[in-house]
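We name chains A, B, ... by the order of the sequence lines, and we start the count at 1 in each one. Just so it is clear, the structure is predicted and the values come from calculations on it, not from any experiment.
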Amino acid sequence: MDSMQDILAQLNPAQREAVEATEGAIMVIAGAGSGKTRVLTYRIAYLIHQKGVDPFNILSLTFTNKAAREMKERIGKIVGHSEAKNLWMGTFHSVFARILRIEGDKLGYPSNFTIYDSEDQAKVVNNVIKELNLDKEIYKTRNVQRRISSFKNGLITPKEYFNLPELQEQDNAARMPLLGEIFKAYNERCFRSGAMDFDDILLNTYMLLRYHPETLAKYQDRFRYIMVDEYQDTNHAQYLIVKALANRHGNICVVGDDAQSIYAFRGANIKNILNYQRDYEEVQVYKLEQNYRSTKNIVGAANSLIKKNRDQLHKEVWTQNDTGEQIYLHKLVSDNDEGNFVARIIWEKHMDRHLPFRDFAILYRTNAQSRAMEDALRRKNIPYRIYGGLSFYQRKEVKDVLAYFRLTVNPNDEEALRRVINYPARGIGNTTMERLTVAANELGVSMWEICKRLPELPVNINRPTQAKVSDFITKIESYRTMLDKHDAFDLASHIAKTSGLIRTLNEDKTPEGVNRYENIQELLNSVKEYAENQSEIEDGKPGLGGFMEDIALITDADKDDPNDRDKVSLMTIHLAKGLEFPVVFVVGMEENLFPSMMTVNSRADLEEERRLFYVALTRAEKEAYLTYTQMRYRWGKLVDNEPSRFLEEIDEQYLNINVSDFSPFTGPEDVLAASNGYRKAPQAAFTRRKPQTSQRPVNRAPKNLKRVEQNAQHEGNFEALTDVSIGERVKHPRFGFGKITDLEGNGPNKKAVIAFENVGEKKLLLKFAKLEKLS
DNA sequence: ATTTTACAAATTTTT
DNA sequence: TTTGTAAAAT
């Protein structure tokens, strides 16, 4: 167990003050890399250890569940693990889902309510639109979803919606006058399915606290100390929940950085930070401005960029770290080329400098960009892990099995029922489903209820079909009787076998089919793991119900697979928030991609994109690479690009610009790879287009980039320096002066062993080393 | 009722 | 390129 004094001694004065200020309202403005997690962790340890606060009375809201787990682990090392385990710690969604499982009956929800993800949500919305006979060309699912979500984040229920002419006018203007009807029907549908969507978790928590004073009092009493991380990304609902909970003891500490606010699109409200001082009397504000993460170059570049934003709190992030290298900027021909470039740099650093793969992250604006990166990494056999995108639990076959699980735990879950009532095929088709839907709507009960009482209801469904429905019901009922008697794994594998899903998948011998089968095995493995873990805990819940509660809010970023220990990380910049890596690549620095096309017309949106870029840059500890391409595949078509406006917003002194129309990274090897695959077309397109592009007057590349393009030829010469011999003195851009002591390999793989004056002996691939001869 | 085929539409970002 | 939906065929 580490001593508290030792720990406090590790903190700088500002950090230490923030840790020791335990009472009242605290706001910590924490610049990127300023050790904010450290402060939060030690603050909790300090509360427990020095102030004798019971961990049970501490609530800490983090950005990911993984972050919560890791903090708990570190706190456990200081105060003891049996103590730390009682902390209330996790994301807003997981902590409040937990409370709603306990208290939800007060709102009419069962404790085993289902959590609908966006796919479920979209399906409910679609069904409702269809049932209301609305034109789906006008009522686009995505738009309706977004709209409903924004209502909920603003704590507006259907009832309130109809009292707010303003909102109705907005929808009228958007040619969606019946949006309120959809909203109402959607909510009713979810409610009678015993289901909440992500936004409901917050909205319902708010409703619970607002209309059940005794429950509010209970949790106010319990949470004597509250901490909120990433406060800049909380929305109105979250803000009010926290405010309500803190109302009694008033010990609340929020940590955030307005420069890293990147979730306005989902309702996050930057004003929460600004209002904080108004809401609480005598707010103590601490600023953490010393960056411990990145080099001077990276911090300087990020600062120069974020200065372009008009709306921001004043803050001066600085660092004592080394100057480090400039940020590399590279222009590539295509997205394929970009992938090859990144893969090649990673490979080089891995081989020559022995950097483990986990030191690298590739960050992009949109998930679609991962493909080119994956292809390139796979070709070089570089292990990688993708975060986000289509996560494991969203795959079709996994969701199918989960739908059976869901139905077993909560048979009212209509989306689960719709998904599998005829999968595998049982002869229950659209006509039957329509009639069941009508009956459910008329009686206002769940579809499960209708199916169960089908014989006694005046529903026009013929006998044979009724029998098929009732067979299905019987099957699910039989699973339900096993819920309490069997652990999650026994029941799950029983369901997988007897539902016919495994059999159906087994018949498919295509590679994709085999893969799907393996995914189901993997799912069952994770059920097994869950059941085993839970039976070890004294008050564990080894049943399937517990498993379903557990996975609903687990995201990709929360998983911690030991197999993923040494892999390159690929993720969107949004997902990278809070993480750090020695070497970071930010790819696709192009207009219309980053900043996204959707944002360039509004200053507020554009500033959010700029903050996003700020977040991306500040993930890097030692080195950052920015890349953009001349053309890339979008919508299956080649599209010409211009460099991102953000590139010229970075102060030039921090950049090492390698931009030329000649791309040294499309070597013979890549031509081969390209002509092998399905992307023959681009290759042809390049050769035809290249001369054109260089003459085109429309090429609006930023001025400073264009100017340095001239120098690029010069840069190119460094690449070619392979005709060196032992004994020669050379200069390396990073390692400085050195003498060649040995040579090995031939042609493109020729390597030199060089004794550098300052950094010792290194073995470098000549084609990458950018050596300069000293004569 | 289910499978096949053809054609259009679509891309921000996430709990 | 992929994904989803609608019409057509079995």
Side-chain angles (χ1 to χ4, degrees), chain A residues 61-65 90-97 115-123 126 130 136-137 140-142 145-146 149 152-153 196-203 205 230 233-235 237-238 261-268 335 363-372 375 387-391 393-394 396 422-433 462 464-465 468 552-558 571-577 588 590 592-600 605-606 608-609 611-613 615-616 632-639 677-679 681-682:
Chain A
L61 298 164
T62 56
F63 187 65
T64 63
N65 291 308
T91 60
F92 271 92
H93 289 267
S94 61
V95 167
F96 293 129
I115 296 173
Y116 277 178
D117 66 12
S118 339
E119 192 192 333
D120 298 315
Q121 189 184 37
K123 284 184 170 165
N126 271 335
K130 221 176 273 172
K136 68 177 168 110
E137 295 300 315
K140 297 249 166 109
T141 318
R142 293 279 325 159
Q145 261 181 297
R146 245 202 304 273
S149 175
K152 289 185 177 178
N153 286 330
M196 297 189 198
D197 62 27
F198 292 132
D199 303 316
D200 285 330
I201 292 174
L202 303 177
L203 175 66
T205 303
E230 307 286 5
D233 287 326
T234 52
N235 63 31
Q238 291 167 321
S261 157
I262 53 175
Y263 281 103
F265 73 91
R266 72 170 193 212
D335 45 0
L363 308 182
Y364 34 76
R365 177 66 239 266
T366 66
N367 283 306
Q369 288 165 260
S370 71
R371 163 82 59 84
D375 286 349
Y387 292 75
L390 250 198
S391 86
Y393 291 110
Q394 291 172 331
K396 186 190 173 298
N422 198 32
Y423 184 76
R426 301 188 173 82
I428 304 170
N430 283 337
T431 329
T432 309
M433 290 314 289
N462 61 37
T465 313
K468 288 172 194 159
L553 292 167
I554 293 289
T555 65
D556 242 24
D558 294 326
M571 63 186 94
T572 62
I573 301 167
H574 283 91
L575 281 178
K577 191 170 76 156
E590 294 143 29
N592 294 328
L593 184 61
F594 193 18
S596 155
M597 205 185 330
M598 328 289 287
T599 63
V600 292
D605 287 349
L606 195 61
E608 175 149 320
E609 295 282 291
R611 290 192 295 267
L612 192 57
F613 186 32
V615 168
R632 102 172 30 242
Y633 265 97
R634 292 240 254 170
W635 311 290
K637 280 210 172 70
L638 265 182
V639 183
Y678 46 90
R679 283 187 181 172

Donor-acceptor pair present, Arg266(A) side chain and dT15(B) base, under 3.5 Å
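Checked by distance alone, the answer is no.
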Nucleotide [N], atom [atom2] - distance to [atom1] of [X] in whole Å:
X	N	atom1	atom2	answer
Asn592(A)	dT13(B)	CG	P	15 Å
Glu137(A)	dA6(C)	CD	C1'	12 Å
Arg146(A)	dT14(B)	CZ	P	14 Å
Arg611(A)	dT13(B)	CZ	C1'	13 Å
Arg426(A)	dT2(B)	CZ	C1'	15 Å
Arg142(A)	dT11(B)	CZ	C1'	10 Å
Gln145(A)	dT15(B)	CD	P	15 Å
Glu590(A)	dT11(B)	CD	C1'	15 Å

For Glu609(A) and for Ala425(A), locate the closest nucleotide of DNA chain B by heavy-atom distance; then report the residue assigned to the nucleotide nearer the 5' terminus.
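That would be Ala425(A).
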Taking the nucleotide of DNA chain B with the nearest heavy atom to each, does Gly427(A) or Thr599(A) sit closer to the 5' end?
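Its nearest nucleotide being more 5', the pick is Gly427(A).
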Side chain of [X] - closest among [options]:
X	options	answer
Arg371(A)	dT2(C), dT12(B), dT13(B)	dT2(C)
Phe198(A)	dT12(B), dT15(B), dT14(B)	dT15(B)
Met598(A)	dT15(B), dT14(B), dT12(B)	dT12(B)
Asn422(A)	dT11(B), dT2(B), dT15(B)	dT2(B)
Ser118(A)	dT15(B), dT5(C), dT13(B)	dT15(B)
His93(A)	dT15(B), dT5(C), dT11(B)	dT15(B)

Heavy atoms only, 4.0 Å cut-off, all strands: where does [X] land among base, sugar-phosphate and nothing?
X	answer
Tyr263(A)	sugar-phosphate
Leu575(A)	sugar-phosphate
Lys140(A)	sugar-phosphate
Thr431(A)	sugar-phosphate

With both distances kept under 3.5 Å, what pairs with dT11(B), Watson-Crick or G-U wobble?
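Partner of dT11(B): none.
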Need the pair for dA6(B). Rule: Watson-Crick or G-U wobble, both distances under 3.5 Å, any strand; none if unpaired.
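Pairing partner: dT5(C).
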Tell me whether Phe265(A) is stacked on the nucleobase of dT14(B), counting only the six-membered base ring and applying the 5.5 Å and 30° thresholds.
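No, aromatic ring not over the base.
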On the nucleotide dT14(B), are OP1 or OP2 found under 4.0 Å from the side-chain N or O atoms that Asn367(A) carries?
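Yes, Asn367(A) has a side-chain N/O under 4.0 Å of OP1/OP2 on dT14(B).
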Can you find a side chain N or O atom of Thr572(A) that sits less than 4.0 Å from OP1 or OP2 on dT14(B)?
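So the side chain of Thr572(A) is within the cut-off, an N or O lying under 4.0 Å from OP1 or OP2 of dT14(B).
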Expected output: side-chain [X] to main-chain [Y] donor-acceptor under 3.5 Å:
X	Y	value
His93(A)	Ile201(A)	no
Arg365(A)	Leu593(A)	no
Asn126(A)	Thr141(A)	no

Ignoring hydrogens and geometry beyond distance, is a side-chain donor-acceptor pair present between Ser94(A) and Thr91(A) at under 3.5 Å?
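Note: Ser94(A) and Thr91(A) side chains meet the donor-acceptor criterion.
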Can you tell me if Ser118(A) and Gln121(A) form a side-chain donor-acceptor pair at under 3.5 Å?
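The answer is no; no qualifying pair exists.
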With rounding to the nearest 0.5 angstrom, report the CG to CZ distance, Asp120(A) to Phe198(A).
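It is 8.5 Å, given to the nearest 0.5 Å.
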